[in-house]
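Okay, structure first, notes after.
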Amino acid sequence: MVTFGVPISGLFTRLSSVEPGNMVLANLQNTEQSILQLQEELSTGFTLNKPSDNPVGASVVMNMQTATAQNNAFLTNIQTVQSQLQTADTSLAGANQDITTGLQIESEQVGGASDANTRAQAATQVEQLLEDAVRQANARFAQTPLFGGTQTQQDPFSIVNGNVVFTGNVSAFNANVSDGVPFLGNVSANAFGAMSDGIQGQNPATQLPIDLNPAVTLSTSLGDLNAGSGVTLGSIQISGTGSATVDLTAAKTLGDVINLINNPKVTALTGVFASVNAAKNGLALTSAAPITVQEVSNGKTAQDLGILVSGAASPVAGADLNPRLTPSTPLSALFGGTGIDPSGLVLTNTTDQQSYTATLGPGVFAAGNTVQDVLNAINGSSAFVTAQINPQGTGLDVFNRLSGGRLKIAENGGATAQELGLLSTLSRARLTDVNQGDGLGTISGPDLVITKKDGTQVQFDLDNMNTVQDFIKAVNASGLTASVTAANQIQITDPNPVNGFLTISNTGGSFAAASLGISGSVSGAGPTTLTGVPLSFVGVQNQGVFTGLIRLRDALNANDVSAMEASTTVLGAARTKLLDGRSDLGSRVQSLTMTQNRLTNENTLIQQVISQNRDANLAQVATDFQTEQNVLQAALAASARVLQTDLFSFLSTSL
Amino acid sequence: MTLFSSLGTALSGLEATMAALQTTGNNIANASTPGYSRQIVDLSPAPPLDQLPVQIGSGVQVTGVTQVVDQALEGELRNSDSSLASLGATNDTLTQLQGLFAALSGSDLGTQIDTLFKSLQNFSLNPQDTSARQQVLSSATTVAQTINQLDQGIQNSRQQINTSVQLTVDDINKLSTQIAQLNNQIVSTENDGLDFGSANNLRDQRNQLLRQLSQDVKIQSVETSNGDVNVLVGSSFLVFGTQSFAVTTQKTADDGVEMVNPVFANGSVPVPATGGKLQGLLSSRDQILGQAHQNLNILANALAFEFNRVQSTGQGLTRFGDLTSLQSVPDPSATLAISGKTTANSTLDTLTDASLIGSSDPTGRSITLLSGADNQETRQITGFDPATGTIFLDRPMPHPLAIGDQYQITDLPFPVENGSFDVVVTNESTGLSQSTPIQVNLTGVGPQTTWSDVVAQLGAVPNLKATLTNENRIRIQSTDANQTFSFANDTSGFLAAAGLNAFFSGSQASDLAVNPALAPSPSLLSGAQSNNPGDNTNALAFTALQNLAAVNGTSTFDEFYQSLVGNIGVQTSQSHDQLQSQTLQSQQLENQRQQVSGVNVDEEAVNMIEFQRTFQGSARFITAIDTLLNTLVTMV
């Protein structure tokens, strides 16, 4: 920068002898300061070395540097997660290979050329496949098990008495790979069929998740109300004998709401008192005068609390606030405060080798206990099961985590299991689990035909159905009436009053009608009922690679051809799970790669912005530096001459 | 008229030119003397001799030697000196402060915060990895120490400024005493105004002292008819005639740091420093550095609170068998916290909230502002008026409180609100756990939770014992070696405020540190919200703090830091520009002064030749008269 020094004001009449010196000094200082600045830029390569050099630019650079640091952290995470997922994929592929080999063995051994000895030898091979599958499922990345969920202290799978126990969990492990939604960074052990489909706490009548309908208490959290949607906190306007605005923003529990409404400063104005309503599912308001409750500032607090009253009323019984089930919910609060039968339940997990039974008695289901006590008792039992509150927050679900085992839940002399909707019944048994787990022997296409009394026929394809209840529903939808008796018989009634035959038969080579015990014909006038033979069923089993291989091994050891064939169904389901897992994993790796590319591109652009704001144009700076040097030299030379001359020196030389 | 009288005429010429030459010589000798104003000899014709019908001149006479001074310009110069000194002091402070923060250096606090979050990201992927945990604690320690050092640097600068204030006050006293003495001499020399303006050199000295004084503090000077100059600072006299009024300093405390403030010795009235170095120093210390200190406190407090909040409600790889809170309270039976908002504009040392009308007296407790210009300022309550809901504070706030400013009366360093937290007791053999909610009722209605209430609730949790230590800290112990405990779901902020399983100890920039119980035990760092060691949900909660508007509810940590250093950068840049501009203006005024009052050696050379020739002419005239006289004498 060229500086011309301190301007001398407009017209002037005289100069002092000091002024030229001052001006020279100021100019030289300015020039030297410019040179120092340029020297700093040349030595650092930056025009921006401290915020005051360019505050706006500095702000941009600091922002960008933070963004880069964050992106770099994301990129590091992406590399780690990619490696984790790729290692997981290798394990899933290995387990899939075990299934392929198992199916080959099954097809070799199912034929007539094999005998008990060859099948016993093959069973040993299958045992090795099972051990390999467990090793694959216990794979680690950086010392951490890949399929244990968040339980990483030990291998998630272990072989216990020839069956496989899962001690991990299927919790998600999220990773930050970019701003926004966390990225699922692990693969659930369910790809290996580590846990069964849940025995869902179910309403037997509707087959829908049961609602244990906990009563509200003073300590019920507002966040748990309205099925977990909570309450939008704000103020409400209460009018009774007078009117007042109540600020409920500080409230966290229903007790807080009641306290704030019953605040003497408020009740002195309103005369309105709050309490838990008689149904124990919401609030009640009482007053000597008609009550109205209105929202303030278009809020929805009163509505969420079930006490929005636009037309005056007294007393006011608030709406059902439908609280979620939580671990701290007392058992005495279930079913609107009625509680549940404390008799308890029996969990039985049966393998071909051993049966694991846990009886949870009245000590667990005592009225003073909480849901957490029940969960702890089930999860801590020796039956290899996991219980948890269902996603809707209305009941409990129980899962089998013993591959090779079949889980049933029975009563302990009372009705606890039924009340919790957990009782194992024929209705909710899978079709593949009836007849001691041999299934129905279905074929592709229609399996059974029902010929009604009017001669019309209805065909049923049972491969499209999952449970016995699904079959019952399908029959009911055809104009007939079906049900399951207490003796586990399927009962089908043709309500047509005409005289005729109700006939049920297999079709297309299927054994379904016979397997369901309803193959046959009855006749008569009026409603005609065909009652099947009593059916047996086995408990819920895991549908994964371990169960498939265990079933195949045990069938080979037992020289049981039909069981060998049945095992292929489980192996097929297991393969589907593994492939689904790999497919999901592949799409996630692809998504990660896209995120990685985006972040890398973003970093490049960020670096450009930083460079534009911070980096020195060295050619320009060098040129400026040279110019300033020239200016300094010229200024020094000129100053030396100017400052030497005055009239005395002229007079002394000329005289 | 006679020939002898002509000799008198010639003599007057010789005397006048001698005086003029002497003055020229004096001007040349002082050409480079700072503050010197050139002098000129005032010549006038001597009274004529009356030779009716004509009058004949009788020579020249010296009527005076006067300074060439533009008083208005001198006043401007003094103002300019004040501004320059003030800006210089401010600029020095800002340049130092900018250097202290070292933004853009690649190793500043912002970079360290980024590094902390990078280590948290790594921790979130490897929650069971001890080295990842150690990295988090190490980088957090670095952040805390840097904040400590920055705050220490700021407080050191403030104390250095105290020394400068004291030195400036001493200088003001010295200069005002000298000016008063010069007043005395000038008045005496100028015969109490009869020879007004004749004490040139003394006046030069006084002008120079006034300029020096105006560099220390902005002054107004008024010259009286007898030659005195009275000096005022604001509306108070610093010098009145021959009397000077001493300035001294008073010491006050601000956040534990002693502050030196200038006051008049007589009456302890604060010196109104509206310019000069004193103003620059005080505004640097109280506003620039004070603001930086406050901002650093806000950042430290937010960091500590948010990290404590996340840490306290999670679980480490190991849980607790015995835990004591970092915080204690003087009165365990007092309500944990009373929150509110000011309902009226207040003075600096009072706070009014109508909702406190009729409340119990909170005198003796601490009160902390949680929003507004005084955010994070903490004071002791010294009095309470229950009729108006007015609280009296032990010392003034930096800014008057505005309506709606949030406050909390508490003995804890962080806000506590109505809510609850869970104590989770885990059976280490089975891994099963049992949660017990602890209620913190602070709705303002009904019995409010106290420190002792929490202890009682904790003590009622199965397998736990809770007691108060001698220092009124909460101690929780497991009564069964197989049972450990942790915490979860804190909606009240109590755990963070009490320092139960805290991440940071301390809550201010000066005392922020990683919890001494956590620092050597990375396994206690809460990565999980369950008993599972691979659970990273709490570690993710830590990483989420990077993008949380945690500071003042409006900025992330990074944003707040960037705004802090960005603001210092803007101020420094502006101050630098203003200083440059003021320097130019001062130089220009100095040039103008030099044009009026400065000595031009060439001009003096010309004058000298002129006076020399006049002298020569007068001497020749004497020779001529002498010749005439000789002619007459020889005729006789």
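Residue numbers start from 1 in every chain, and the chains themselves are labelled A, B, ... in the order their sequence lines are given, proteins ahead of strands.
Contacts of B/D558 with chain A are made by side-chain atoms alone, with heavy-atom separations under 4.5 Å and no backbone atom involved. In this structure, chain B has a heavy atom under 4.5 Å from the side chain of A/D179, while its backbone stays farther away. Contact of A/N49 with chain B is made through the backbone alone, with heavy-atom distances under 4.5 Å. No part of B/T430 comes within reach of chain A, as not one of its non-hydrogen atoms sits under 4.5 angstrom from that chain. Of the two parts of A/F74, only the side chain, counted from C-beta on, holds a non-hydrogen atom closer than 4.5 Å to a non-hydrogen atom of chain B. With a 4.5 angstrom heavy-atom cutoff, A/A251 touches chain B only via backbone atoms. For chain B, the nearby part of A/Q33 is the side chain; its heavy atoms alone come within less than 4.5 Å. In this structure, chain B has a heavy atom under 4.5 Å from the side chain of A/T370, while its backbone stays farther away. Contacts of B/A605 with chain A are made by both backbone and side-chain atoms, with heavy-atom separations under 4.5 Å. In this structure, chain A has heavy atoms under 4.5 Å from both the backbone and the side chain of B/Q594. Neither the backbone nor the side chain of B/R593 comes within contact range of chain A; no heavy atom of the residue lies under 4.5 Å from a heavy atom of that chain. In this structure, chain A has a heavy atom under 4.5 Å from the backbone of B/V596, while its side chain stays farther away. Within the 4.5 angstrom heavy-atom criterion, only side-chain atoms of B/I28, from C-beta onward, approach chain A. Neither the backbone nor the side chain of A/S221 comes within contact range of chain B, judged by heavy atoms closer than 4.5 Å. The parts of B/D602 that come within reach of chain A are both its backbone and its side chain, each placing non-hydrogen atoms under 4.5 angstrom from that chain. Contact of B/Q562 with chain A is made through backbone and side chain together, with heavy-atom distances under 4.5 Å. Residue contact with chain A, scored on non-hydrogen atoms closer than 4.5 Å, is absent for B/E559. Only the backbone of B/V599 has a heavy atom closer than 4.5 Å to any heavy atom of chain A.
With chain B as partner, the option from A/N63, A/N379, A/T80 having the largest number of non-hydrogen pairs under 4.5 angstrom is A/N63. Counting heavy-atom pairs closer than 4.5 Å to chain B, the top residue among A/D53, A/N174, A/L375 is A/N174. In terms of heavy-atom pairs under 4.5 angstrom with chain B, the leader among A/N176, A/N72, A/N262 is A/N176. Most heavy-atom pairs under 4.5 Å with chain B, from the set A/T152, A/N259, A/N54: that is A/T152.
Nearest heavy atom pair, residue B/P533 against residue A/Q153, reads CG-CG, 3.4 Å. Scanning all heavy atoms of the two residues, the minimum distance from A/L48 to B/L104 falls at CG-CD1, 3.9 Å. In this structure, A/N263 and B/V445 approach most closely via the heavy-atom pair ND2-CG2, 3.4 Å. Scanning all heavy atoms of the two residues, the minimum distance from A/F173 to B/L125 falls at CZ-O, 3.4 Å. Here the closest heavy-atom approach between residue A/V18 and residue B/S32 is recorded as CG2-CA, 4.4 Å. When all heavy atoms of A/K252 and B/G419 are compared, the pair lying nearest together is CG-CA, 3.6 Å.
Side-chain contact annotation: A/D373 with B/Q434, donor-acceptor N/O pair under 3.5 Å present. Residues A/T76 and B/Q121 have side chains that never bring a donor and an acceptor to within less than 3.5 angstrom of each other.
At distances below 3.5 Å, not a single donor-acceptor pair connects side-chain atoms of B/Q98 with backbone N or O atoms of A/K50.
Of the inter-residue distances, the one linking A/T66 atom OG1 with B/N547 atom CG reads 10.5 Å to the nearest 0.5 angstrom. We find the CD-CD distance between B/Q587 and A/E19 to be 11.5 Å, quoted to the nearest 0.5 Å. A/T253 OG1 to B/N418 CG: the interatomic distance, rounded to the nearest 0.5 Å, is 7.0 Å.
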Got a list of side-chain donor-acceptor pairs under 3.5 Å for residues 567-582 of chain B, not counting sequence neighbours?
{"unit_1": "B/T572", "atom_1": "OG1", "unit_2": "B/I568", "atom_2": "O", "d": "2.5"}
{"unit_1": "B/S575", "atom_1": "OG", "unit_2": "B/N91", "atom_2": "OD1", "d": "2.9"}
{"unit_1": "B/Q582", "atom_1": "NE2", "unit_2": "B/S80", "atom_2": "OG", "d": "3.2"}

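Contacts from residues 105-114 of chain B to chain A, taken as heavy-atom pairs separated by less than 4.5 Å, involve B/D114 in sequence order.
Considering only heavy atoms from C-beta on, B/N600 comes within 4.5 Å of A/S17 through its side chain. B/N126 places none of its side-chain heavy atoms less than 4.5 Å from the side chain of A/T144.
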